[in-house]
Amino acid sequence: MELRERAYAKLNISLDVGEKRPDGYHEMNMVMQTVSLCDEVSVSTTEDGRISARCNLRFVPSDDRNLAVKAARVFLDAAGKAGQGLSLSLHKRIPVGAGMAGGSSDAAAVLRALNALYGAPFCTRELEKLAERVGSDVAFCVAGGTALATGRGELLKPLPELPGCKIVICKPEFSISTPELFRKLDSAPLRHHPDTAGILEALERGDLTAVCRRMYNVFEDVGDRRLRTVAEIKSRMLDFGALGSIMTGTGSAVFGIYTDAKAAQTASRALSRDYKFCWIAEPIGRVLSFEP
Ligand code: ATP
């Protein structure tokens, strides 16, 4: 029996970091958005009692370091199916180390696929709880859509959908290490914060322009030399008519939001002359229903 799932990428409409907590994690406050760029994940049962993974990218680990494998193990344990053999296949399109939650989304897709395969033993909320054990961003990726993520990123509040638009995503060749950015953030106090409340109000009104004007990611201001490239891509996104442009997560991918599909195409074409990884995507709503 084989099940296929799309694993959609996430973008940060905003990213704010608060106090460091006693457990070492930072208090996060993020508006997250699922977008149409996706990996393809397939899960099939086997008789050999092992969980194995294959991936089209050779440098992605296929053992327990792969979040998809970790998710499969967490699910089988919770469902009382430990020892069941599984074969996972990942076709990755989401760039790795981009701040787009590629690995977390693969893990969430495995949780959804296994839940479907075993006749839905868990509701959305329960799947999100299992996801927390796999990684901080995995819980959001279970249902996706537009959501406010707080705590480590695992406390989720569904928000009104982002109005329809075209999103140009561009990733420079380099990746930025997440622990390194957090260390930099700890050594220099933040000067600016996003107007998260303003973004929530704008989403309530369905006002895309007001959302885009308020987009901000605190990691863009930690003084890393490579962020100059990020700033340059942002300027070009805006010059091509983006309503707003920021880096997502800990980078290095940058996105710009457009209402005009032609402007988005022009921006993507121009940027792809200098950067190999450029895509045009659209927002995607929740993939699982909300249970209060
Ligand atoms: P985030 O937005 O959650 O910070 P990211 O885009 O920065 O994520 P990923 O692309 O998810 O990062 O992966 C980062 C690291 O995780 C890579 O070094 C990779 O080896 C490891 N990894 C584990 N599982 C996966 C997976 N299924 N796909 C891609 N990378 C994975």
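Sequence positions, counted from 1, serve as the residue numbers for this chain.
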*Only one of Val230, Ile13, Thr248, Ile246 clears side chain to side chain contact (heavy atoms under 4.5 Å, CB included) with Asn217; which?*
Ile246
_Neighbour count above 12 (heavy atom, 6.0 Å) for Arg4 CZ_ = no
*What's the shortest heavy-atom distance between Cys278 and Cys170, and which atoms?*
SG-SG, 3.8 Å
*asked:* Quick check on Arg6: does its CZ atom have over 12 non-hydrogen neighbours (other residues, nucleotides or ligands) under 6.0 Å away?
replied: no
*Hey, is the main chain of Ile94 close enough, under 3.5 Å, to the side chain of Asp39 for a donor-acceptor pair?*
yes
_Heavy atoms from other residues, nucleotides or ligands near CZ of Arg93 exceed 12 (cutoff 6.0 Å)_ = yes
*Using a strict cut-off of less than 4.0 Å between a Lys/Arg side-chain nitrogen and an Asp/Glu carboxylate oxygen, indicate whether Glu180 and Arg183 qualify as a salt bridge.*
no
*Are the side chain of Thr34 and the backbone N or O of Gly145 linked by a donor-acceptor pair below 3.5 Å?*
yes
*Is Asp23 paired with Arg152 through a side-chain N to carboxylate O contact shorter than 4.0 Å?*
no
*Can you check whether Phe219 and Phe182 have ring centres sitting under 6.0 Å from each other?*
yes
*Does a side-chain N-to-carboxylate-O contact under 4.0 Å join Arg125 and Glu128?*
yes
*Residue pair Lys10 / Gly249: nearest heavy atoms and the distance that separates them*: NZ-CA, 4.0 Å
*Does Lys92 pair with Asp106 as a salt bridge, N-O distance under 4.0 Å?*
yes
*Over all atoms of both residues, closest heavy-atom pair of Ala7 and Ser105*: C-OG, 3.2 Å
*Would you please indicate if the ring centroids of His193 and Tyr216 are separated by under 6.0 Å?*
no
*Give a yes or no on whether the backbone of Val69 and the side-chain of Arg73 come within a donor-acceptor separation of less than 3.5 Å.*
no
*asked:* Tell me the closest heavy-atom pair linking Ala147 and Leu159, and the distance in Å.
replied: C-CD1, 3.6 Å
*Test: Arg50 and Asp48 ion pair at under 4.0 Å*: yes
*Which residue, Ser89, Ser87, Ser62, forms the side chain to side chain contact (heavy atoms under 4.5 Å, CB included) with Ser52?*
Ser87
*More than 12 non-hydrogen atoms from neighbouring residues, nucleotides or ligands closer than 6.0 Å to NZ on Lys184, yes or no?*
yes
_Working note: Arg236 + Asp274, criterion salt bridge (charged side-chain N to carboxylate O under 4.0 Å, His left out); need CA distance, chi angles, decisive distance, verdict._
CA-CA 11 Å; Arg236 289 178 68 183; Asp274 297 311; 2.9 Å; yes
*Just one of Leu243, Ile257, Leu162 clears the side chain to side chain contact (heavy atoms under 4.5 Å, CB included) bar with Val211, so which one?*
Leu162
*asked:* Take a 6.0 Å sphere around CZ of Phe174 and say whether it holds more than 12 heavy atoms from other residues, nucleotides or ligands.
replied: yes
*asked:* Quick one, Val142 with Leu111, criterion side-chain contact (heavy atoms from CB on, under 4.5 Å). Give me CA distance, side-chain angles, the key distance, then yes/no.
replied: CA-CA 8 Å; Val142 166; Leu111 293 177; 4.3 Å; yes
*Is it the case that Ser136 and Glu154 place a side-chain donor and acceptor less than 3.5 Å from each other?*
no
*If you measure only the distance, is there a donor-acceptor pair under 3.5 Å linking the side chains of Ser42 and Glu2?*
yes
*Under a 4.0 Å N-O cut-off, is there an ion pair linking Asp186 with Lys20?*
yes
_Shortest non-hydrogen separation from Ser104 to Leu67 and the atoms involved_ = N-CD1, 3.7 Å
_Residue pair Asp16, Met28: steps toward the side-chain contact (heavy atoms from CB on, under 4.5 Å) verdict_ = CA-CA 6 Å; Asp16 199 4; Met28 308 297 290; over 6 Å; no
